[in-house]
Amino acid sequence: QVQLEESGGGLVQVGGSLRLSCAASRPTFGSYAMGWFRQAPGKEREFVARVSRIAGATYYSDSVKGRFTISRDSAKNTVYLQMNSLKPEDTAVYYCAAAAKLFPGTRKNEYDYWGQGTQVTVSA
């Protein structure tokens with residue numbers, strides 16, 4: 001069992017930046033690929049970004065590519081999501097997820113563990 005806890009959400013103006021953090025409970029953090037998803041009110045939870053456990057390969061949704069950066073710090077058992085140039089449509093609850101799969105894709109069912117989420121609100 002892996003417990004994940006997100007932090008760093010909040011209210012930010014359009015064009016601003018936030019950095020989300022996700023701390024994992026287990027020292028075997030390095031055994032999991034890590035991802036970020038988000039869910040806006042009335043919408044499905046959607047994939048945002050993923051970093052693999054091998055070579056730190058990253059993958060982004062088209063909607064955030066070039067603005068968001070996912071990274072991981074194995075020494076701290078933490079994954080980050082740096083969000084720049086934020087837009088109102090980025091407003092959502094952001095969830096951290098862990099996958100035992102080597103290179104998980106964009107589907108929710110490829111991820112085995114989930115955090116509780118952190119709210120990000122971008123005001124116009």
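Since this is a predicted model, take the numbers as computed values, not measurements. Computed over heavy atoms, backbone and side chain alike; hydrogens, waters and symmetry mates excluded. Along the sequence shown, the residues carry numbers beginning at 1.
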Of all the heavy-atom pairs spanning [X] and [Y], show the shortest one and how long it is.
X: A40; Y: A92; answer: N-CB, 3.8 Å
X: V2; Y: A24; answer: CG1-CB, 4.3 Å
X: L81; Y: A49; answer: CD1-CB, 4.3 Å

Could I get the full list of side-chain contact (heavy atoms from CB on, under 4.5 Å) partners for V12, not counting sequence neighbours?
->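 For V12 the side-chain contact (heavy atoms from CB on, under 4.5 Å) partners, ignoring immediate neighbours, are L18, L86, V122.
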
For K65, side-chain contact (heavy atoms from CB on, under 4.5 Å) partners two or more places apart | Y60, D62

Give every residue pair that meets the disulfide (SG to SG under 2.5 Å) criterion with at least one member in residues 45-76, sequence neighbours excluded.
-> none

Which residue pairs satisfy the disulfide (SG to SG under 2.5 Å) criterion with at least one member in residues 66-124, sequence neighbours excluded?
->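 As it turns out, the disulfide (SG to SG under 2.5 Å) pairs with a partner in residues 66-124, which skip direct neighbours, are C22-C96.
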
Side-chain donor/acceptor of D112 to backbone N/O of A100, under 3.5 Å =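 Between the backbone of A100 and the side chain of D112 there is a qualifying donor-acceptor contact (under 3.5 Å).
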
Rounded distance [0.5 Å steps], [atom1] in [X] versus [atom2] in [Y]:
X: S85; Y: F68; atom1: OG; atom2: CZ; result: 9.0 Å
X: S123; Y: L11; atom1: OG; atom2: CG; result: 5.0 Å
X: I54; Y: F103; atom1: CD1; atom2: CZ; result: 6.5 Å
X: S52; Y: K101; atom1: OG; atom2: NZ; result: 13.0 Å

Using 4.0 Å as the upper bound for N to carboxylate O, is an ion pair formed by R67 and D90?
-> yes

Measure the shortest side-chain to side-chain distance between Y113 and Q1 over non-hydrogen atoms and say whether it is less than 4.5 angstrom.
-> yes

May I ask you to decide if the ring planes of W114 and Y95 are parallel, tilted or perpendicular, using 30° and 60° as cut-offs?
->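 Rings of W114 and Y95: perpendicular, over 60°.
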
Name all pairs fulfilling the salt bridge (Lys or Arg N to Asp or Glu O under 4.0 Å) condition that reach into residues 44-54, sequence neighbours left out, sorted by first residue then second.
->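 Matches after skipping sequence neighbours: R38-E46.
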
Only pairs at least two apart or in different chains count here, so list each salt bridge (Lys or Arg N to Asp or Glu O under 4.0 Å) that has a residue in residues 70-87.
->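 Applying salt bridge (Lys or Arg N to Asp or Glu O under 4.0 Å) to every pair that reaches into residues 70-87, excluding sequence neighbours, yields nothing.
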
Hey, would you say the Y111 and F37 ring centroids sit under 6.0 Å apart?
-> yes

